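Below: one structure, written as structure tokens.
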Amino acid sequence: MIQSTMMSYELTLTHFLDRAERYFRNTEIVSRMPDKTLHRYTYQIFVKRAKQLAGALAKAGLKPGDRVATLMWNHYAHLEAYFGIPAQGGVMHTLNLRLPPKEIAYIANHAQDRFLIIDDVLLPLLKTFEADAKFERVFVVPLTGQPVDTSSGYENYENFLESGYGSYTPVHIHENDPAAMCYTSGTTGRPKGVVYSHRALVLHSLVEVMQDALNLSNRDTVCPVVPMFHVNSWGIPFAATMVGAKQVYPGPHLDPESLLDLYSAEGVTVTAGVPTIWLGIAQALEKQPNTWNVSGLRMAVGGAAMPEGVMRRLESQGCVVLHAWGMTETSPLGSAAFIKRTLADRSEDDVYTWKAKQGIAVPFVDVRITREDGEAPWDGQTMGELEVRGPWIAGAYYDMPDAVTSFTEDGWFRTGDIATIDEEGYIEIKDRSKDLIKSGGEWISSVALENALMGHEAVAEAAVVAIPDPKWQERPLAAVVLKPGASATVEELAAILSDHFPKWYVPEHIVFVDEIPKTSTGKFMKAQLRERFRDIAGSDQPAAMP
Ligand code: AMP
């Protein structure tokens with residue numbers, strides 16, 4: 001057996017920082033501030049400041065593996081934390097500002113965060129939980145330009161950065177050292193922490209930029225709408241820095257008009273976010289035609305299923321939609337729905353069917369679906385739990401020994417997603433296992449019903465949940481939000497479903513609601529809907545509620 005003659009070279013994020021400094025110094029990073037003005041600087045300044053942050057953290061006594069929390073919107077200072085903290089051997093821990101304060105405190109305590117970097121506009125949020133979460137030092141980013149109130153012991157982030165001036169000395173980092181961490185959104189049970197290594201984030205970036213994934217290059221202008229506290233904004237800040245793309249961050253302004261204005265003003269070519277964001281964008285484009293030109297804009301969508309109808313609406317406006325699947329535990333990219341060359345000449349309807357699926361696994365991610373009796377066939381019909389493994393898939397949770405049931409004995413991560421995989425290898429997520437509707441011994445996919453309902457021109461959003469049923473154990477109930485000014489009857493919607501699905505799939509109860517409650521990361525909060533409508537089957541409630 002001969003030995004390889006290749007060098008051993010550590011895969012670390014500091015390489016991205018050095019590369020950006022060397023090759024991309026004049027490329028811009030643009031951030032929208034709370035007052036809607038644009039903050040802009042170049043990679044040269046960004047790298048200098050990220051290294052200064054690393055130096056300042058070293059002076060502050062940060063030890064390898066220490067956690068530094070962030071509570072920030074998407075902008076330049078958050079990007080500095082993305083690189084500055086790991087460059088010093090620290091672990092950047094993004095806190096989700098949309099969670100209830102008690103939960104943020106629980107997560108910060110569980111992770112043992114030492115320091116916190118926070119936007120000045122988010123200080124009122126910190127006040128609601130700081131008694132329960134002890135940070136040694138709090139650095140406040142003065143986004144508004146107002147003086148930072150230091151009376152409560154907070155420090156100005158800019159002063160802290162200055163303290164690191166000239167003091168950054170590269171530390172030796174191994175590729176398997178931790179770089180960042182994130183907690184699952186915790187719709188069930190306690191939130192669970194996932195710790196990403198440098199190696200995982202580097203490999204994830206390399207695959208994410210592939211043409212068959214997010215298709216990111218140096219020539220792109222990238223605007224991640226997905227929050228930087230949601231699985232590292234899907235890894236885009238790392239990947240975009242690796243290739244030296246122009247980066248555009250929307251700050252706290254996530255309404256459709258603000259985003260569309262920003263895309264136009266900065267020439268954004270790639271953007272990424274959850275379906276709710278794109279639904280809003282589709283509506284804005286239709287309501288105000290000829291206001292924005294989105295021709296060629298590539299939109300990555302994930303976090304929840306993208307309804308085919310919304311995808312078609314956006315593509316009819318010139319956007320190119322890429323549907324991808326992932327989780328906090330998968331860094332997150334697991335699969336992407338690009339159309340394989342061997343399928344490119346199929347009918348438009350077939351192509352859309354594949355585009356609306358969650359796609360095929362990206363390189364280095366292995367997938368399988370399992371049922372109680374073993375591995376399920378890839379026939380596009382048989383549902384099973386999706387299991388994955390790969391170099392950026394969590395093999396354990398942070399400090400949570402009783403979470404071992406999420407991992408199989410033969411080394412796969414159990415996603416909790418129920419899926420089919422077709423003969424071409426395309427995964428289709430049918431449900432979270434807890435959301436699947438088990439009716440008379442058969443499984444009904446709530447996602448399939450939702451997508452069909454959202455295909456109706458009057459429907460803005462629809463969520464389908466299981467409600468208890470004395471005869472069938474569970475039956476589906478559809479909660480539907482109509483578009484402003486639009487109308488549709490229960491009978492009309494039921495008829496559409498009858499056209500697409502077997503009779504027993506069609507919900508007896510279709511109710512009209514003002515809005516679908518959503519989680520902090522934009523997913524339907526189905527538990528709340530189940531609770532609200534659980535007794536509807538046995539009550540005299542009319543099928544359609546006003
Ligand atoms: P999170 O860890 O908060 O990113 O949530 C991960 C979960 O979001 C997955 O387990 C899926 O249930 C869901 N999810 C993510 N991407 C998609 C997608 N493209 N289609 C359907 N569900 C998705």
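Order of appearance sets the numbers: ligands from 1, and atoms from 1 within every ligand. Everything quoted here is computed from the prediction, not taken from an experiment.
- The closest non-hydrogen atom to atom 18 (C) of ligand 1, taken over Ala337, Gly334, Ala304, Ser433, comes from Ala304.
- The N/O atoms of Thr415, backbone and side chain alike, include none that comes under 3.5 Å of an N/O atom in ligand 1.
- Proximity annotation for atom 10 (O) of ligand 1: of Asp417, Thr519, Asp431, Asp417 comes nearest, heavy atoms only.
- Residue Val301 has no nitrogen or oxygen atom sitting less than 3.5 Å from a nitrogen or oxygen atom of ligand 1, judged on distance alone.
- Under the 3.5 Å distance criterion, with hydrogens and angles disregarded, a donor-acceptor pair is assigned to the side chains of Glu329 and Tyr397.
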Identify all side-chain donor-acceptor contacts of residues 445-460 below 3.5 Å with residues at least two apart in sequence or on another chain.
{"from": "Ser445", "atom 1": "OG", "to": "Lys430", "atom 2": "O", "distance (Å)": "3.0"}
{"from": "Ser445", "atom 1": "OG", "to": "Val447", "atom 2": "N", "distance (Å)": "3.4"}
{"from": "Ser445", "atom 1": "OG", "to": "Ala448", "atom 2": "N", "distance (Å)": "3.0"}
{"from": "Ser446", "atom 1": "OG", "to": "Asp431", "atom 2": "OD1", "distance (Å)": "2.6"}
{"from": "Ser446", "atom 1": "OG", "to": "Asp431", "atom 2": "OD2", "distance (Å)": "3.1"}
{"from": "Ser446", "atom 1": "OG", "to": "Lys526", "atom 2": "NZ", "distance (Å)": "2.9"}
{"from": "Glu450", "atom 1": "OE2", "to": "Val464", "atom 2": "N", "distance (Å)": "2.8"}
{"from": "Glu450", "atom 1": "OE2", "to": "Lys526", "atom 2": "NZ", "distance (Å)": "2.6"}
{"from": "His456", "atom 1": "ND1", "to": "Ala458", "atom 2": "N", "distance (Å)": "2.9"}
{"from": "His456", "atom 1": "NE2", "to": "Glu492", "atom 2": "OE2", "distance (Å)": "3.3"}

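- The shortest N or O to N or O distance between Ala324 and ligand 1 is under 3.5 Å.
- Within the model, atoms CD of Glu385 and CZ of Arg414 stand 4.5 Å from one another, a figure rounded to the nearest 0.5 Å.
- For atom 15 (C) of ligand 1, the choice among Gly326, Gly302, Ala300 with the nearest heavy atom turns out to be Gly326.
- Polar contact check, Gly303 against ligand 1: a nitrogen or oxygen pair lies under 3.5 Å apart.
- Under the 4.5 Å side-chain criterion, counting only non-hydrogen atoms from C-beta, His323 is not in contact with Lys357.
- Of all protein heavy atoms, the one closest to atom 3 (O) of ligand 1 is Ser185 OG, 3.1 Å.
- If you take CE on Met299 and CD1 on Ile277, they are separated by 10.0 Å, rounding to the nearest 0.5 Å.
- For the ligand labelled ligand 1, residue Thr184 lies outside the 4.0 Å heavy-atom shell.
- Those atoms of ligand 1 that come under 4.0 Å of a heavy atom in Arg432, given as number and element, are 10 (O), 12 (O).
- Ring planes of Tyr183 and His93: tilted class, angle from 30 to 60°.
- In this structure, His230 is part of the shell of residues with a heavy atom less than 4.0 angstrom from ligand 1.
- Inclusion of Lys523 in the set of residues having an N or O under 3.5 Å from an N or O of ligand 1 is warranted.
- A donor-acceptor contact closer than 3.5 angstrom links the side chains of Thr408 and Asp410.
- Within the 4.0 Å heavy-atom criterion, the part of His323 lying near ligand 1 is the side chain and not the backbone.
- Ring orientation note: the planes of Phe16 and Phe83 are tilted relative to one another, at an angle of 30° to 60°.
- Relative ring orientation between His110 and Tyr398 is described as perpendicular, the plane-to-plane angle rising above 60° on a 0-90° scale split at 30° and 60°.
- Remark: among candidates Glu329, Gln358, Lys434, Met327, the nearest residue to atom 20 (N) of ligand 1 is Gln358, based on non-hydrogen atoms.
- Ligand 1 lies nowhere less than 4.0 angstrom from a heavy atom belonging to Gly416.
- Thr221 pairs by the side chain to side chain donor-acceptor pair (under 3.5 Å) definition with nothing, not counting sequence neighbours.
- Taking 4.0 Å as the cut-off, Pro332 does not count as a neighbour of ligand 1 on heavy-atom distance.
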